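Here's the structure we're looking at; comments come further down.
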Amino acid sequence: MRLAVTGASGRMGGEVLAAAADRAESVVLAVSSDPEAVDPVTVDVDTAVVHDADLADALAAHEVDVLVDFTAPAALADYAAACVDAGVALVTGTTGLTDDGRAALADAADSVPVLHAPNFSKGVAVLTQLVGDAAAALADYDVELVEAHHDGKTDAPSGTALSLLDAVDEARGESPRVHGREGEAPRSEEEVGVHAVRAGDVTGMHEVWLAGGREELRLTHRAESRRVFAEGALDAAAWLAGRDAGQYEFEAVLEVDA
């Protein structure tokens, strides 16, 4: 498997490069909007480092099988188009997508295999399933969600939080989401409270509360390192390489029921 990694000078891009090196995966292309900022320690001597504006040509020239992307929504449409031009599969964990971003992925999936996930943790995949099961079984319990990430994360709630909220909606029907509370704000029976914390270098925490009159259930996931997301993305890339065009889910990689 010949890999390309975008955002190679960023936190997650660097983590993917490090994880690939530990697994002896072949990263032939490291892509960045600032190639000079890519830490040479993170790339193999044979890895080409290129500007993202040159991505389409570089993907073809280096015979890339899968592009792994953790960058920003504004860049993703261009990266997806480059993958289509070069016939390269796309794995992306970029969150905060707009409708246009989701449409760009759907369009790309007509030509190449695409796998987008807001979280590449195996634990979160299982948590999402458990939240849906719990919300259905405890249908009259109040639901609140708290999530925390580092102070540099720009989108809120997180993509993972939105997936967990979707799991609640699928179990119960769509509920109004109340983001934080201030002043006089009585809780309605149907609402789901959503609370986003941004502080320090928190890798990621998601906790779903289900509270009845005399008990509460809390389902919690904490990521101790970004490496867990990088390794999950590499697992997804290995699974996706060579598949037919289409949109795929991370649960399929893990053989977890969606």
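It should be emphasised that the depicted structure is a prediction, and the values quoted were computed from it without experimental measurement. For the single chain, residues carry numbers from 1 onward in sequence order.
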- When you look at His206 and Thr220, which way does the side chain to side chain donor-acceptor pair (under 3.5 Å) test go after all the steps? CA-CA 6 Å; His206 296 85; Thr220 306; over 6 Å; no
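- Under the 4.5 Å side-chain heavy-atom criterion for ILVMFWY residues, no single connected hydrophobic cluster contains both Leu59 and Val43.
- Here Thr95 contributes atom OG1 and His116 contributes atom NE2; the two are 7.0 Å apart, rounded to the nearest 0.5 Å.
- Judged as a salt bridge (Lys or Arg N to Asp or Glu O under 4.0 Å), and not counting sequence neighbours, the contacts of Arg11 are Asp201.
- For the atom pair Arg2 CZ and Leu67 CG, the distance stands at 14.0 Å (nearest 0.5 Å).
- Rounding to the nearest 0.5 Å gives a distance of 9.5 Å between CG of Asp140 and CD of Glu189.
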- Task: Take Leu165 and Val194, measure what side-chain contact (heavy atoms from CB on, under 4.5 Å) needs, and give me the verdict at the end.
- Result: CA-CA 9 Å; Leu165 293 167; Val194 186; 3.8 Å; yes
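- Annotation: side chain of Arg181 is in contact with side chain of Arg187 (closest heavy-atom distance under 4.5 Å).
- Counting heavy atoms from C-beta outward, Leu115 and Trp239 have side chains that approach closer than 4.5 Å.
- If you take CG on Leu29 and CG on Leu55, they are separated by 7.0 Å, rounding to the nearest 0.5 Å.
- Of all heavy-atom pairs between Ala134 and Leu217, the closest is CB-CD2, 4.2 Å.
- Counting all heavy atoms, side chain and backbone alike, Ser121 lies closest to Phe250 at O-CE2, 3.9 Å.
- Shown here are the side chain to side chain donor-acceptor pair (under 3.5 Å) partners of Ser188, two or more places apart in sequence or in another chain: Glu191.
- Between Ala8 and Val38, the closest heavy-atom pair is CB-CG2, 4.0 Å.
- Using a 4.0 Å cut-off between charged nitrogen and carboxylate oxygen, Asp155 and Lys153 count as a salt-bridge pair.
- Heavy atoms only, all atoms of each residue included: Ala58 and Val50 are closest at CB-CG2, 4.1 Å.
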- Query: Under the side-chain contact (heavy atoms from CB on, under 4.5 Å) criterion, do Val64 and Leu3 qualify, and how do the steps go?
  - Reply: CA-CA 6 Å; Val64 171; Leu3 293 170; 5.9 Å; no
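- A heavy-atom distance below 4.5 Å is not found between the side chains of Trp209 and Tyr141.
- Of the N and O atoms on the side chains of His150 and Thr203, not one donor lies less than 3.5 Å from an acceptor on the other residue.
- Cluster membership for Val146 and Leu162, using ILVMFWY side-chain heavy atoms within less than 4.5 angstrom, is not shared.
- A side chain to side chain donor-acceptor pair (under 3.5 Å) check over residues 25-35, counting only residues at least two apart or in different chains, returns the pairs Ser9-Ser32.
- The OH atom of Tyr248 lies 7.0 Å from the CG atom of Leu240; values are rounded to the nearest 0.5 Å.
- Going from atom CG of Asp22 over to atom CG of Leu17 covers 11.0 Å, rounded to the nearest 0.5 Å.
- Using a 4.5 Å cut-off between side-chain heavy atoms of Ile, Leu, Val, Met, Phe, Trp and Tyr, with links allowed through other members, Leu130 and Met205 fall into different hydrophobic clusters.
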Only distances under 3.5 Å count here; give the side-chain donor-acceptor pairs of residues 71-93 to other protein atoms, sequence neighbours excluded, each with its distance to 0.1 Å.
| from | atom 1 | to | atom 2 | distance (Å) |
| --- | --- | --- | --- | --- |
| Thr71 | OG1 | Asp69 | OD1 | 2.6 |
| Tyr79 | OH | Asp52 | OD2 | 3.1 |
| Thr92 | OG1 | Asp69 | O | 3.3 |
| Thr92 | OG1 | Asp69 | OD2 | 2.7 |
| Thr92 | OG1 | Thr94 | N | 3.2 |
| Thr92 | OG1 | Thr94 | OG1 | 3.4 |

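- The closest side-chain donor-acceptor pair between His195 and Glu144 falls under 3.5 angstrom.
- Between Arg222 and Glu224 there is no salt bridge, since no side-chain nitrogen of the basic residue lies less than 4.0 Å from a carboxylate oxygen of the acidic one.
- Of the possible polar contacts, one joining the Arg172 side chain to the Ala135 backbone as a donor-acceptor pair under 3.5 Å is found.
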- Take Arg198 and Glu147 through the test salt bridge (Lys or Arg N to Asp or Glu O under 4.0 Å) and record every step on the way to the result. CA-CA 9 Å; Arg198 298 291 177 265; Glu147 57 99 342; 2.8 Å; yes
- Task: Go through the steps for Val208 and His221 under the test side-chain contact (heavy atoms from CB on, under 4.5 Å), then give the verdict.
- Result: CA-CA 9 Å; Val208 177; His221 178 272; over 6 Å; no
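- Among residues two or more places apart in sequence or in another chain, the side chain to side chain donor-acceptor pair (under 3.5 Å) test is passed with Asp166 by Arg177.
- Between Val197 and Val202, the closest side-chain pair of non-hydrogen atoms is not below 4.5 Å.
- The residues Glu15 and Arg226 are annotated as not salt-bridged, no charged nitrogen and carboxylate oxygen being separated by less than 4.0 angstrom.
- The heavy-atom pair separating Thr47 from Ala30 by the smallest distance is CG2-N, 3.7 Å.
- Cluster membership check: Leu105 does not share its hydrophobic cluster with Phe70, using side-chain heavy-atom separations under 4.5 Å among Ile, Leu, Val, Met, Phe, Trp and Tyr.
- Both Leu164 and Leu210 belong to a common hydrophobic cluster when Ile, Leu, Val, Met, Phe, Trp and Tyr are linked at side-chain heavy-atom distances under 4.5 angstrom.
- More than 12 non-hydrogen atoms from other residues, nucleotides or ligands lie less than 6.0 angstrom from CD of Gln247.
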Could you go through residues 96-103 and list every donor-acceptor pair under 3.5 Å that involves a side-chain atom there, pairing it with any protein atom two or more places apart or in another chain?
| from | atom 1 | to | atom 2 | distance (Å) |
| --- | --- | --- | --- | --- |
| Thr98 | OG1 | Asp100 | N | 3.3 |
| Thr98 | OG1 | Gly101 | N | 3.2 |
| Asp99 | OD1 | Arg102 | NH2 | 2.7 |
| Arg102 | NH1 | Leu97 | O | 2.9 |

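- Among all heavy-atom pairs drawn from Ala48 and His62, the shortest one is CB-CE1, 3.5 Å.
- In this structure, the side chains of Val66 and Met1 come closer than 4.5 Å at one or more pairs of heavy atoms.
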